[in-house]
Amino acid sequence: MAIRKLLVANRGEIAVRIIRAARDLGIRTVQAHSEADTASLAVQLADSAVNIGPAQAPKSYLNIEAIVEAAKASGADAVHPGYGFLAESPHFADAVEAAGLTFIGPRGDTIRMMGDKVAARAAAALAGVPTVPGSDGRIDDFADAEALAGTIGYPVMIKAAAGGGGRGIRIAHDPKELAHFFQLAQTEARSAFGDGGLYVEKVIEQARHIEVQVLGDGTNVVHCFERECSLQRRRQKVWEEAPSAALSEDARQRLCDSAVALAQSVKYRGAGTLEYLYDDASGDFYFIEMNTRIQVEHPVTEWITGVDLVGEMLRIAGGEPLRLRQQDVTRRGHAIEVRINAEDPSNDFMPFPGVVGGLRIPGGPGVRFDTMLYQGYAIPPFYDSLLGKLIVWGEDRERAIVRMKRALGELEVAGVKTTIPLYVALARDPDVRANAVHTRWLEHWLESNASRL
């Protein structure tokens, strides 16, 4: 292992996960933290820690100069960006490499290309991967958007060319809505990502969201099968599973092969996820974007394949060739993950920071809880509300759901409101148990059930 000391440029549960993976490989760790995270579990677990600025993310976790200087001053020779914050910033990757350090992830040019949804669609087309009907390039003029929508048919989705996380997205059902939402999406994209470029694509009604995990070393690529993330609220995933129970073996093979072909065509390095929409009615799938980082939901893939994705990221970045051949990656059983957030689901998911008065973590066979919580921890109000991820495994999907219900009943985070009641209700819902869901199912379900959470 060429990497000796790793700076973790993130926070929360993913920072804890990275520290543990690094320790398994004999790598020393330095935790970069804001003033608000001085008492975090990641700071306590790392070999050392360095303060990179005030609580506000732009002055700390989004401050490229401060992070690079912290890495150099601490003697780190590599930087892991985690997910969120600067994880998909080509400028950050470039700055880390320019400082003579190793960036744990793809090269800046790859992030730049695949992070731009228009460029990613073009790369997919060249690799023979199907994409949703839509604009061939960026659209800056409303007249062009209106003409395209008339050709491909309503409803259409207006998306920011850069960025993600559900921001800068609007759905228009007719020309009047298109005129209104086009300007809103452009303004939101410019504010969130510094880039007002948009593209327009056809909305696939009642589609599933299925994504393929890949690992590459810049030459060779393997897939680690797929995850289904159709249960979403405001385009944010809340419940993820692997594998997808909706796919036939033939559809699974075609989907995973297409992901490998696209990742190989861009000489992908590290862990990445290619996201697709899947149409139950036709059996067709369409590439929508690539996430050039580790995903929040990576544990479900780890559980069904036995592959340590974070560990493999570190090995690849450290100069090792990809250790896995495709025939080495097999799957067993079914895994489900739910995101435990400090939010009140009975009050429109209002954020609920506070002090953890007590903590009971479920255990037993097939249960994993990735978190940064401990009793007495004061949850900062400055960041994403994710507290941890409850992951379960079963021999099949039905047994995994039974185990999820049991684990949710054991999990207790006292002192704050969390999204646990949402998942208790979902695990009991007949549509969820029958896997009769799509990307907009949860929004409709919440309209009728939110008051009971």
Side-chain angles (χ1 to χ4, degrees), residues 8-10 14 17-18 61-62 64 67 78-98 101-124 126-127 129 131 159-168 192-195 197 199 209-224 226-227 229 237 256 258-276 287-298 301 307 309-318 322:
V8 181
N10 213 295
I14 189 59
R17 171 74 180 88
I18 294 166
Y61 296 110
L62 292 172
I64 293 176
I67 294 171
V79 176
H80 199 308
Y83 55 70
F85 292 129
L86 295 169
E88 291 181 286
S89 167
H91 307 296
F92 184 45
D94 291 344
V96 170
E97 298 284 352
L101 309 174
T102 299
F103 182 77
I104 312 298
R107 298 172 183 84
D109 287 346
T110 306
I111 299 174
R112 194 169 283 108
M113 175 172 61
M114 300 310 289
D116 185 303
K117 294 180 178 62
V118 174
R121 282 170 59 95
L126 285 174
V129 177
T131 58
K159 288 187 174 183
R167 292 173 295 178
F193 312 117
D195 182 350
Y199 74 96
H209 184 125
I210 299 179
E211 59 191 32
V212 179
Q213 176 71 59
V214 296
L215 283 169
D217 61 9
T219 302
N220 298 308
V221 176
V222 298
H223 70 76
C224 296
E226 83 288 350
R227 301 181 286 259
C229 312
K237 305 164 190 174
C256 293
S258 80
V260 170
L262 178 49
Q264 203 140 24
S265 73
V266 299
K267 298 180 171 55
Y268 194 78
R269 182 187 74 184
T273 300
L274 295 99
E275 303 200 348
Y276 296 81
F287 169 77
I288 49 176
E289 64 180 337
M290 183 175 193
N291 289 301
T292 55
R293 54 172 167 80
I294 195 71
Q295 293 277 92
V296 177
E297 59 270 23
H298 74 273
T301 295
V307 176
L309 293 172
V310 180
E312 292 304 319
M313 290 181 78
L314 292 167
R315 290 180 181 275
I316 291 167
L322 188 63

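Because the structure is a prediction, the values reported are computed rather than measured.
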Rounded distance [0.5 Å steps], [atom1] in [X] versus [atom2] in [Y]:
X	Y	atom1	atom2	answer
Leu215	Asn220	CG	CG	12.0 Å
Glu88	Thr292	CD	OG1	4.0 Å
Glu97	Thr102	CD	OG1	6.0 Å
Arg107	Arg269	CZ	CZ	4.5 Å
Tyr268	Asp217	OH	CG	12.5 Å
Arg315	Leu322	CZ	CG	11.5 Å

Sole residue of Glu226, Gln295, Arg227 in side-chain hydrogen bond (donor to acceptor under 3.5 Å, both in side chains) with Thr301: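 That would be Arg227.
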Where [X] and [Y] come nearest, the two heavy atoms and their spacing:
X	Y	result
Asn10	Ile14	OD1-CG2, 3.6 Å
Gly82	Ile294	O-CG2, 3.8 Å
Ala124	Thr131	CB-CG2, 3.8 Å
Val310	His80	CG1-NE2, 4.2 Å
Ala127	Leu262	CB-CA, 3.9 Å
Ile104	Pro81	O-CD, 3.4 Å

Passing option when Cys224 is tested against Thr273, Val212, Leu309 for side-chain contact (heavy atoms from CB on, under 4.5 Å):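 When Thr273, Val212, Leu309 are each tested with Cys224, the side-chain contact (heavy atoms from CB on, under 4.5 Å) holds only for Leu309.
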Given Lys237, Met290, Glu289, the one that forms side-chain contact (heavy atoms from CB on, under 4.5 Å) with Glu211: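 The side-chain contact (heavy atoms from CB on, under 4.5 Å) with Glu211 is passed solely by Lys237 among Lys237, Met290, Glu289.
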Can you confirm whether [X] sits close enough to [Y] that some side-chain heavy atom of one is under 4.5 Å from a side-chain heavy atom of the other?
X	Y	result
Ser265	Leu126	no
Leu86	Leu62	yes
Ile288	His209	yes
Gln213	Val307	no

Any donor-acceptor N/O pair, Asp116 side chain to Val118 backbone, under 3.5 Å: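 Judged by distance alone, yes, a pair lies under 3.5 Å.
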Verdict with supporting geometry, Phe92 and Ile67, side-chain contact (heavy atoms from CB on, under 4.5 Å): CA-CA 9 Å; Phe92 184 45; Ile67 294 171; 3.8 Å; yes
Parallel, tilted or perpendicular: ring planes of Phe287 versus Tyr276, cut at 30 and 60 degrees: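 The rings of Phe287 and Tyr276 stand perpendicular, inter-plane angle above 60°.
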